[in-house]
Amino acid sequence: MTKYDPHAIEPKWQAAWESEGLYHVSEDPSRPKKYVLEMFPYPSGDIHMGHVRNYTIGDVVARHSTMNGMNVLHPIGWDAFGLPAENAAIKSDSHPATWTYANIETQAASFRRMGFSYDWDRTVRTCDPEFYRWGQWIFLKFWERGLVERKSSPVNWCPSCKTVLANEQVIGEGVCWRCKSVVQKRELEQWFLKITEYAQELLDDLDTLTGWPERVKAMQANWIGRSEGAEVEFTLCDTAGDPTEQRITVFTTRPDTLFGCSFFLLAPEHPLIGELVAGTEYEANVRGIVDMAAKETSVERSSSDRTKRGAFTGRYVINPVNGEKVPVWVADYVLMEYGTGAVMAVPSGDQRDFDFARFYGLPIPPVVLAEDDPLLPELAGAHERVRADVPWDNAYDAGGILVQSGEFTGMRGGKKSEAMHAVTAWLAERGLGRETVNFRLRDWLISRQRYWGNPIPAVHCPTCGLVPVPEDELPVVLPMNVDITKGETLADHPEFYETTCPKCGGAARRETDTMDTFTCSSWYYLRYCDARNDDAPFDPAAVGYWMPVDQYIGGIEHAILHLLYSRFYTKVLRDVGLCDFGEPFTNLLTQGMVKLDGATMSKSKGNVVAPEDMIARYGADALRAYILFMAPPDKDLDWSYDGLEGMRRFLNRAWKLVDEVAAMPASSGVSGHGAAAKALRRAAAAAIAKCGGDIERFQLNTAISALMEYVNAVYDYRRDVPAGSQDNALLRAAARDLVMLMAPFTPHMAEELWRTVLCEDGSVHRQSWPRFDPSALVSNEIELPVQVNGKVRGRVVVAADASEETVVAAALALPNVVAHTTGKTVKKVVVVPGRLVSIVVG
RNA sequence: GCCCGGGUGGCGGAAUGGCAGACGCGGAGGUCUCAAAAACCUUUGGGGGAAACCCCGUGUGGGUUCGACUCCCACCCCGGGCACCA
């Protein structure tokens, strides 16, 4: 008899697996491949429960896939550039690299203690020059394709992180994703990747991602924000009110409401404003609005319930459909970064315009009326404007009948309506507008004014302008002598930035911004396929073999950020010719968060449960099984110690069972034919079927309950059959099956039971997933519930192949069924074979 | 406001339209022990009943169905994403 001692067996097998190279993989065309990937960690310290959950889920999937005969790639690495390293370095008066590499070592040790089946030969650390050099190389490919742009625009500035941020990194109420500071808008020249060129494809291809959660696809579609509509050109008038040559274009989703445009709006940041009002009596008022808008944070600016403010510019534009002159105002609710920064205001059809019109006493001519609108009898058929106000309290923005709309009067208006297409066509014929599509998605701002990142491989030459660093000069190495504790960046190091132009050879200045860390995570999964390649980011053949990732697992917080950027990178690399697929992740599992008392765990809140403590007390196997058993993987989970003891109890029971069976003589000479043996065979078949199926469906919590039920069933057999009459061969087969089923969840314990206790050959992790005998699930007698008027009133036991008449007769004969049917007429009897009998009486 | 999730015992959670509450935690009672721990056994949605059984029960109200946690309609509550996006 041996005792289950996780602390003795776990380190033993971790070392053995490593020396045996058990998890080392290479391309093998003879087996189906499977790429199982968990989002790589940021080395912020030791691992937390979220990591334990994420990587355990992936490990179970990887191990189960291997046992099912697949060639499984299951790598790990570190997303190692980024601000926390700088902050930590400042705090501890050291270098970001020191902190980062130390944390990587700590985390790697913890991962080893968890028993994860990684191929450590493929590890990447994004702060290693061997990795980031290829990130720079890919950047140059983007540049060659015209997807890199340096431009001035209003950008998000985090005052605490002292850098600009991408739109995707501004979250919630306009705060920095990392430090939660309120973000400011600044007009700055920055580096962008033109993700907007792929907006339509990124949206369309969401439909092909059938293995992704709807939630994530909805969030991405929402973020991309496609709007169908039209561009409409308004002719600008001079100060005297006469038409000029200049036109201002607006974007609208409702060209059908064009006849209801009674004023015209410009964003406070609109470049035309200065010249429109310069030297006029309106200048002071307009400047007031512009200055006020500039002062406000984006949060203040975007709260929709505040009073909208604006000022008349003194100018007019001509509405192309009716030639009407409408006043041009500047308004603080118009955004420069969406559409064209100019808006045609239709107050009867848009709540914001309505509020603005009411506040400033501007006309509100109705143009689209609901069928039951009291105004309709009066205005139906009115082609010319007879009314410039409405008796409403709110704008009407749904579909309806057009009135006061010239030749379009009487048509149906609304989004994607007849009138919308008719008006747009009318404009297009005259060169005054066209159908168009607008996206909410903005280009990806990738430059960061920070040290600890991948240097942008570019040179500013006074003669040649922006020049890419030639490929053979890569990598642009991030120098280690930058002292960020003194607030230094690359811009403080002339020996870094002083260089010569690769084109003309003249004195030039190297770019000192680094790239957003999300550029690293946008392609790391490709590097795993060929991680040690020194001649290219990866061998297309290796990527062709392993990619796309068959199962990706990670947190929902990357629903937009990382998952959108990676999709973009993949599509560009496909167009570059480095791969032949456009989507990197075929199936995605977004695992729920691990919380404590409903709150996210964090070091700053001090509510962290340390996995290392749990490993020390209960062992890694118990922790793995427990965190999976607590909740389905995709749901949030509130950490509790309550069931951990119970999980250890289960592992002890399973251990004891296998240990006892292993100690029995190989054969008892008894062959189990009785009901107990039959029940045991059935339990084994049910466990194998359920456990495997549940893993494939990611119902890992019920997969573990299937194991528990199986263990209970074997104990039932041991209890119910007298010691001398037990079928030892049957029990040994049951124990073997159990150990193999447990292998993905509790790999160390399963290995010890397999190799040491059961004395089987080879590793349990190299075994084929057990097969089950479907005939064991078939029994000759079945028990059917009998319902009377929908309520269960009894059960009949009948032969499995009994005829319907027999079943009905037996059901109707049940005493309790008789009691509920006497005095009533049996109207109908439904027999669902193998399921139930339903009797309807009345 | 728009778009996604979710609401089941004391708790975590199970249920291809077919016996609601699997499995586990916790609780109660018991066996073993001088005692305790561990282990094992019984029991555990609420109410009624000596029992057989009966009634109620999956956020609310309707509907479809022989039968609804599951499907449909309307609503309430909780969580998340987006949001002066024209």
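Computed over heavy atoms, backbone and side chain alike; hydrogens, waters and symmetry mates excluded. Within every chain, numbering begins at 1; the chains are lettered A, B, ... in the order of the sequence lines, protein sequences first and strands thereafter.
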Any-strand Watson-Crick or G-U partner of [N], both distances under 3.5 Å:
N     : answer
B:C69 : none
B:A50 : none
B:G29 : B:C41
B:C82 : B:G1

Looking across every strand, which nucleic acid part, if any, lies under 4.0 Å from [X] by heavy atom: base, sugar-phosphate, or nothing?
X        : value
A:Phe650 : nothing
A:Gly339 : nothing
A:Pro213 : nothing
A:Arg215 : sugar-phosphate
A:Asp642 : sugar-phosphate
A:Asp638 : nothing

So, OP1 or OP2 of [N]: does either fall under 4.0 Å of a side-chain N or O from [X]?
X        : N     : answer
A:Arg835 : B:G67 : no
A:Arg653 : B:C40 : yes
A:Arg440 : B:A83 : yes
A:Asn701 : B:A14 : yes
A:Asn712 : B:G24 : yes
A:Arg649 : B:G26 : yes

Pick the nucleotide of RNA chain B nearest each of A:Thr702 and A:Arg309; which residue has the one closer to the 5' end?
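In this pair, the answer is A:Thr702.
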
Could you check A:Asn222 against A:Pro632 and say which one's nearest nucleotide on RNA chain B is further toward the 5' end?
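Going by which nucleotide is closer to the 5' end, it is A:Pro632.
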
[atom1] spacing across the pair [N] / [M], given as an integer number of angstrom:
N     : M     : atom1 : value
B:A68 : B:G29 : P     : 40 Å
B:U64 : B:G9  : C1'   : 29 Å
B:A20 : B:G13 : P     : 23 Å

When you look at NZ of A:Lys180, are more than 12 heavy atoms from neighbouring residues, nucleotides or ligands closer to it than 6.0 Å?
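Yes - once you tally the heavy atoms of other residues, nucleotides and ligands closer than 6.0 Å, there are more than 12.
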
Taking everything shown except A:Arg226 itself, do over 12 heavy atoms lie less than 6.0 Å from its CZ?
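Above 12, so yes.
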
Considering only side-chain heavy atoms of A:Ser705, which listed nucleotide, B:C23, B:C84, B:C19, is closest?
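Closest of the options to the side chain of A:Ser705: B:C23.
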
Mark up nucleotides 42-66 of chain B, 5' to 3', with B wherever a protein heavy atom is under 4.0 angstrom from a base atom, S wherever such an atom reaches only the sugar-phosphate, and - elsewhere.
-----------SSSS---------B

May I ask you to decide if the ring planes of A:Tyr360 and A:Trp329 are parallel, tilted or perpendicular, using 30° and 60° as cut-offs?
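Because their plane-to-plane angle lies in the 30° to 60° range, the rings of A:Tyr360 and A:Trp329 count as tilted.
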
Are A:Tyr333 and A:Asp353 side-chain neighbours, meaning at least one heavy-atom pair lies under 4.5 Å?
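Of all side-chain heavy-atom pairs linking A:Asp353 with A:Tyr333, at least one is under 4.5 Å.
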
Less than 4.5 Å apart, side chain to side chain, heavy atoms only: is that true for A:Lys308 and A:Phe359?
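They are not in side-chain contact.
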
Short question: side chain of A:Thr424, backbone of A:Ala230 - any donor-acceptor pair under 3.5 Å?
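No, because the side chain of A:Thr424 does not come within donor-acceptor range (under 3.5 Å) of the backbone of A:Ala230.
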
Do A:Phe356 and A:Phe263 make the cut of ring centroids closer than 6.0 angstrom?
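A:Phe356 vs A:Phe263: aromatic centres under 6.0 Å.
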
Just checking, is any N or O donor in the side chain of A:Glu435 or A:His421 under 3.5 Å from an acceptor N or O on the other one?
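A pair is found: one side chain offers a donor N or O, the other an acceptor, under 3.5 Å apart.
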
